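In what follows, a single structure is set out as C-alpha cells and then discussed.
Note that the structure is predicted; figures quoted are calculated from it, not measured.
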Amino acid sequence: MPNSVVRLGPEKFLRIPGEAVIGAALMLALPRRPRIVLAAVSGVALGAMTVLNLLDMGFNQYLGRSFNLVLDWSLLGDAESYLEDSLGRTATLAAAGGVIAVVLLLFVLLALSTVRLSNLLARHTGTATRGTLIAGVVWITCSSLGLQISGVPLASDRTATAVKIQARRVADTLRDEAEFQKVAKVDAFGNTPAAQLVPDLRGKDMIFTFIESYGRSAIEDPIMAPGVDSTLDARTKALAKAGYHAKSGWLTSATYGGSSWLGHSTTLSGLWINNQQRYRTVMASDHLSLTKAFKKTGAWDTVGVMPGVQKAWPEQSFYGLDKVYNAFELGYKGPKFSWSTMPDQYALEQFQQRVHGRKHDKPMMSELILTSSHQPWAPIPKMVGWDQLGDGSIFKGIQAAGNKPADVIADTTKSRQEYGKSIQYSVTALTEWLERYGTDDTVLVFLGDHQPIARVSGNHASRDVPISIVAKDPKVLDKITDWGWTDGLRPAHEAPVWKMSAFRDKFLTAYGSTPHPKKG
C-alpha cells in the first residue's frame, strides 16, 4: 500500500511481500504458543502500520507532507473542528465514531487473520514449507532481476521500509528540535537598538495582512486564474486611481494546504518554521518578530485583528501586539461562513472603526488575518455596501443562499472554481478597504499563508504564495526597487521567488534597520 492517494492502484497489490515470506518461515519454526503470540502481535503491528499509512495518505493529500508520529496528533483535533464547521456536529460525531470503530475493527480483524493463517501453516506443514520456499526463491529472483509490473517492482519490502521511514522520521524530529533551539537563538537584528529599527517607515500606519490559502495556483491555474487575474488587474487600476501603487513577488511558504500559523510565524520571525515543534519553540523564545520590531521602537502602537482566533492566544506576546481582537470581540451578529467566523469585509470595517479610523497619539502597526478564503470555500460571502454592514446581520441571506460545504467538498472542479471566487472576494474586500479608508501614510503588506490543498492546486504544485506591498508615498516602494518585484498586485511568473523565512530580514534591511546580531 503506497503512502499517497495518487500512487494508489491495483498493481500495488500484485507484489510479493518479503515480510510475509519471512513471517511464514518463522511461524513454521515456532511451537504453538509463541507462534500464536507472534501472529497476534504481527496482526496488531500490521494494523498500526496501515493506520499510519492512511494518515500519510491524508496528510500528503491535504498538507503536502507525511504524518509526523511525534508532532501531528494534535492536528486531528483541528481536523475534527474543521469538519464540524463544514458539515455540522452530527455528521462530525458520526464520522469520528465511524473512524474509531473502523480502526478498532482493523486491529482485531488483522490479529485474528494472522492467527488463523499461522494455524493453517501449522496444520499443513509440508505444503506450507514448499510454498514458503517457492515464494522466497521467486522474491529473490524478482528482486535480483528488478522485475516490474506497470513500473512497480514485483518483490516488495514496503512494510519494512515504512517502519524504517517512521523510525527515521521520529529520530529526525527529535534531533531537529535540539538543533532548531540553537538556530532560534541566533538573530541578525536581535540586539538592534530601537532607534535603528525601520527608521524609514516612521510615521506610517503599517498593516501586515495574511489572506488564507492565497497561493500561486490562484494566479496561474487555468481554472482559477482568469477570474483572479482579472480581479487583481482591476484592483491595481482602482488603487492607482486613488493614488496607490504596488509591487509584488513570490515567497515559498513553509507549509502547504493548511497549518496557516506556520506561514505566519515563518514570515514574521525570519525562521523556517515547518512543523509544530519548531512553532512551539519559537513562540516561547525572545526571537524578534517583524511585528514586535515595530513595538520595540516605541514609535508605534500595535494591534491584531484575528477573526479566526476563538480561544486563548498566548502568541500575542511573541508578535508584540498590545491588543488583539478575536472572533468574539468584533461585535459580529451574522452567520458563520463554514469555518470562517465572519466575512473579511466585516472584519476590515471593524478594523477601521476600532483601530485605523480612530485618532491616536502614535501611528499603528496592525496584523490582520483574513479567513473568508478558508476551505471548503462554501458558502462564500459577497460584497455589500460598506455603509450597510452594521452588525453583520445583512449576511444571513447571503449565507443561506450560498453553496453547501458538502456539495463543494465532493466535487474537485467546483472546489477549484469556488476557491478562485473566494480569493477574488478577499482581495476585493482588502483593496476596497484601502481605497476607501487609506491615507497618505497607510502602507499595506499582504500575502498568502500557503497554497490550497492538492485537490485544488494539483498534486505537484509549488509552495509559492504571492506577496504585495502597497503605498501612496512613492518613497516606500522606491526602497525595494532592487528587489525586482513586478509593478501592480499580480506578480509575473518570472518574478523573484524567496523562501518565506527570508522576508523579515530583507524588509528590515530595505527600510533602514541596522543589524546587531544576537548569538545563542
Side-chain angles (χ1 to χ4, degrees), residues 3-6 54-87 92 95-96 99 210-218 221 224 251-268 272-280 283 306-311 313 315 327 336-341 369-378 380 405 408-409 412 415-416 418-420 422-423 426 447-466 500:
N3 67 346
S4 68
V5 174
V6 293
L54 292 171
L55 286 168
D56 270 356
M57 283 184 171
F59 271 67
N60 278 316
Q61 188 68 9
Y62 279 86
L63 298 178
R65 62 176 178 82
S66 298
F67 178 76
N68 189 302
L69 194 58
V70 178
L71 303 177
D72 286 338
W73 295 106
S74 61
L75 297 182
L76 299 181
D78 292 331
E80 184 180 2
S81 298
Y82 163 69
L83 282 178
E84 186 171 335
D85 288 327
S86 302
L87 304 177
T92 300
V99 168
F210 291 90
I211 296 180
E212 170 66 36
S213 300
Y214 180 32
R216 185 187 277 263
S217 297
D221 182 272
M224 290 93 75
L251 300 179
T252 301
S253 179
T255 185
Y256 173 90
S259 301
S260 302
W261 55 92
L262 302 182
H264 304 162
S265 55
T266 295
T267 303
L268 298 178
W272 190 251
I273 305 174
N274 61 345
N275 63 50
Q276 197 64 16
Q277 183 57 53
R278 287 188 167 211
Y279 180 76
R280 288 194 290 262
M283 287 300 127
M306 314 282 182
V309 172
Q310 302 179 60
K311 53 188 177 183
W313 198 62
E315 289 91 331
K336 290 181 69 175
F337 283 76
S338 189
W339 185 89
S340 182
T341 58
I369 311 295
L370 301 183
T371 62
S372 289
S373 50
H374 195 286
Q375 60 174 301
W377 309 296
I380 301 170
V408 174
I409 287 174
T412 297
S415 289
R416 298 172 78 187
E418 297 306 303
Y419 161 73
S422 75
I423 295 298
S426 293
L447 66 153
D449 46 21
H450 54 72
Q451 282 265 54
I453 59 175
R455 185 161 48 84
V456 171
S457 61
N459 291 309
H460 304 289
S462 75
R463 280 159 169 68
D464 296 345
V465 299
M500 191 175 259

Handout entry: Ser457 and Tyr256, any side-chain heavy atoms less than 4.5 Å apart
Key = yes

Fill in the blank from the handout: Applying side-chain contact (heavy atoms from CB on, under 4.5 Å) to Leu54 and not counting sequence neighbours gives Met1, Thr50, Met57

Exercise for the section: Using the test salt bridge (charged side-chain N to carboxylate O under 4.0 Å, His left out), find all partners of Asp464 that sit at least two apart in sequence or belong to another chain. Expected result: Arg216

Handout entry: Separation of Glu418 CD from Ile409 CD1 (nearest 0.5 Å)
Key = 12.5 Å

Exercise for the section: Could you grab the distance from atom CE of Met283 to atom CD1 of Ile273, nearest 0.5 Å is fine? Expected result: 5.5 Å

Problem - Donor-acceptor pair between Thr371 and Ser340 side chains, under 3.5 angstrom - result: yes

Handout entry: Nearest heavy-atom neighbours spanning Ile211 and Ser373
Key = CG2-OG, 3.7 Å

Practice task
Go through the structure and list residues passing side chain to side chain donor-acceptor pair (under 3.5 Å) with Tyr214, not counting sequence neighbours.
Solution key: none

Completion exercise
Sorted by chain and number, sequence neighbours left out, side chain to side chain donor-acceptor pair (under 3.5 Å) with Ser213 holds for none

Handout entry: Set of residues satisfying salt bridge (charged side-chain N to carboxylate O under 4.0 Å, His left out) with respect to Arg463, sequence neighbours excluded
Key = none

Handout entry: Point-to-point distance, once rounded to the nearest 0.5 Å, from CE of Met500 to OG1 of Thr255
Key = 9.0 Å

Completion exercise
For Ala461 and Gln451, the nearest pair of non-hydrogen atoms, with its separation, is CB-NE2, 3.9 Å

Exercise for the section: With rounding to the nearest 0.5 Å, note down the distance linking OG in Ser265 to CD in Glu315. Expected result: 9.0 Å

Exercise for the section: Hey, can you tell me if Phe67 and Phe59 have their rings parallel, tilted or perpendicular (30° and 60° cut-offs)? Expected result: perpendicular

Problem - For Val456, side-chain contact (heavy atoms from CB on, under 4.5 Å) partners two or more places apart - result: Met224, Trp377, Ser415, Arg416, Tyr419, Pro452, Ile453

Handout entry: Closest approach of Ser253 to Gly263 (non-hydrogen atoms, all atoms of both residues)
Key = OG-CA, 4.4 Å

Practice task
Could you tell me which residues satisfy salt bridge (charged side-chain N to carboxylate O under 4.0 Å, His left out) with Glu212, sequence neighbours excluded, listed by chain and number?
Solution key: none

Handout entry: Closest non-hydrogen atom pair, Ala254 against Leu262
Key = CB-O, 4.5 Å

Handout entry: Spatial distance of atom CG (Leu370) from atom CE (Met306) [nearest 0.5 Å]
Key = 10.5 Å

Practice task
Identify the residue among Ser426, Pro307, Ser422 that makes a side-chain contact (heavy atoms from CB on, under 4.5 Å) with Ser372.
Solution key: Ser426

Problem - Derivation and outcome, side chain to side chain contact (heavy atoms under 4.5 Å, CB included), residues Leu447 and Phe210 - result: CA-CA 5 Å; Leu447 66 153; Phe210 291 90; 3.8 Å; yes

Problem - Test side chain to side chain donor-acceptor pair (under 3.5 Å) applied to Asn275 - qualifying residues, sequence neighbours left out - result: none

Practice task
Output, in order, the C-alpha distance, side-chain angles, deciding distance and verdict of side chain to side chain contact (heavy atoms under 4.5 Å, CB included) for Trp261 and Gln276.
Solution key: CA-CA 9 Å; Trp261 55 92; Gln276 197 64 16; 2.9 Å; yes

Practice task
Could you pull out all residues at least two apart from Ala327 that satisfy side-chain contact (heavy atoms from CB on, under 4.5 Å)?
Solution key: Gln310, Thr341

Problem - Partners passing side chain to side chain donor-acceptor pair (under 3.5 Å) against Trp272 (at least two apart in sequence or in another chain) - result: none

Practice task
Would you please name every residue forming a ring-ring contact (aromatic ring centres under 6.0 Å, His included) with Phe337, sequence neighbours left out?
Solution key: none

Completion exercise
To the nearest 0.5 Å, atom OG1 of Thr266 lies from atom NE2 of His450 at 12.0 Å

